[in-house]
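By convention in this document, chain letters (A, B, ...) are assigned in the order of the sequence lines, proteins followed by strands, and residues within each chain are numbered from 1.
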Amino acid sequence: MDQKTSNKISFTDRVYAVVKHIQKGQTRTYKEVAEQAGSPRAYRAVGSILSKNFDPHIPCHRVIKGNGAIGNYNRGGKKAKERILKQEGAL
DNA sequence: TGGTTGACCAACT
DNA sequence: AAGTTGGCCAACC
């Protein structure tokens, strides 16, 4: 891809893009997101980034932990996150 | 420029 | 089974 016409995107923007790509009823682990974002070992950064992200256009609630746990959520905690996933049919 | 932080993970106790 | 420690990576001050 030519970045000549595009601005330089940061890891954060790539993470946002990946999370946006998650379909309804689907869940992705932080590891997967990090891997698709270009750094399979940056799951730690992914969490930090999503924690700072308050954009409702990004279904950050579809991102869960690698062992199947819900993980955290900036929009009401794990409880709300689990509720949303259940509502979407992911659980 | 360097050190701290964090929605994680794996291993150890 | 549950709590602690170390490790990894990008963003923020």
**Report entry** Contacts of type side chain to side chain contact (heavy atoms under 4.5 Å, CB included), residue A:Tyr43, not counting sequence neighbours
**Finding:** A:Tyr30, A:Lys31, A:Ala34

**Report entry** Pairing partner (Watson-Crick or G-U wobble, both distances under 3.5 angstrom) of B:dC12
**Finding:** C:dG3

Query - Proximity to the side chain of A:Lys81 - top-ranked nucleotide from C:dC9, C:dA11, B:dA7 - result: B:dA7

Query raised in the report: Any side-chain heavy atom of A:Leu50 within less than 4.5 Å of one from A:Cys60?
Result: yes

Query - Interatomic distance where CZ belongs to A:Phe54 and P belongs to B:dA7 [whole Å] - result: 10 Å

Requested in this report: Round to a whole Å and report the spacing from CZ of A:Phe11 to P of C:dA11.
Outcome: 7 Å

Report summary line: Side-chain atoms of A:Asn72 come closest, of B:dC9, B:dA7, B:dG6, to B:dA7

Report task. Round to the nearest Å and state the distance from A:Asn67 atom CG to C:dA1 atom P. Result -> 14 Å

Query raised in the report: Where is the tightest heavy-atom contact between A:Lys65 and A:Gly71, given as atom of each residue plus distance?
Result: CG-CA, 3.7 Å

Report task. From the options B:dC9, C:dC12, B:dA7, select the nucleotide whose nearest atom is closest to the side chain of A:Leu50. Result -> B:dA7

Report task. Would you mind telling me which of B:dA7, C:dC9, C:dA11 lies closest to the side-chain atoms of A:Ser51? Result -> B:dA7

**Report entry** Side chains of A:Val63 and A:Thr29 in contact at under 4.5 Å (non-hydrogen atoms)
**Finding:** no

Query raised in the report: Looking across every strand, which nucleic acid part, if any, lies under 4.0 Å from A:Thr29 by heavy atom: base, sugar-phosphate, or nothing?
Result: nothing

Report summary line: A:Leu85 atom CG is separated from B:dA7 atom P, nearest whole Å, by 18 Å

Query raised in the report: Given C:dA10, is OP1 or OP2 found less than 4.0 Å from the side-chain N or O atoms of A:Ser10?
Result: no

Report task. Measure the shortest side-chain to side-chain distance between A:Thr27 and A:Leu85 over non-hydrogen atoms and say whether it is less than 4.5 angstrom. Result -> yes

Query raised in the report: In whole angstrom, what separates A:Lys78's NZ from B:dG6's P?
Result: 16 Å

Report task. Tell me what A:Tyr30 touches on the nucleic acid: a base, only sugar-phosphate, or nothing, going by heavy atoms under 4.0 Å. Result -> base

Report summary line: Whole-Å distance, A:Ile58 CD1 to B:dA7 C1', equals 14 Å

Report task. Could you give me the CA-CA distance, side-chain angles and deciding distance for A:Arg62 and A:Glu88, then say whether salt bridge (charged side-chain N to carboxylate O under 4.0 Å, His left out) is met? Result -> CA-CA 10 Å; A:Arg62 300 209 182 122; A:Glu88 294 192 343; 2.6 Å; yes

Query - Contact nearer the 5' end of DNA chain C, comparing A:Tyr43 with A:Ile49 - result: A:Tyr43

Query raised in the report: CD of A:Glu35 versus C1' of B:dC9: gap in Å, rounded?
Result: 15 Å

Query raised in the report: Just checking A:Ala45: base, sugar-phosphate only, or nothing, at a heavy-atom cut-off of under 4.0 Å?
Result: base

Query raised in the report: For A:Ser48 and C:dA11, is the shortest distance between a side-chain N/O and OP1 or OP2 below 4.0 Å?
Result: no

Report task. Figure out the CZ/P separation between A:Arg75 and B:dA7, and round it to whole Å. Result -> 16 Å

Report task. Ignoring backbone atoms, test whether A:Lys31 places a side-chain nitrogen or oxygen under 4.0 Å from the OP1 or OP2 oxygen of B:dA10. Result -> yes

**Report entry** G-U wobble or Watson-Crick pairing nucleotide for C:dA10 (cut-off 3.5 Å, both distances)
**Finding:** B:dT5

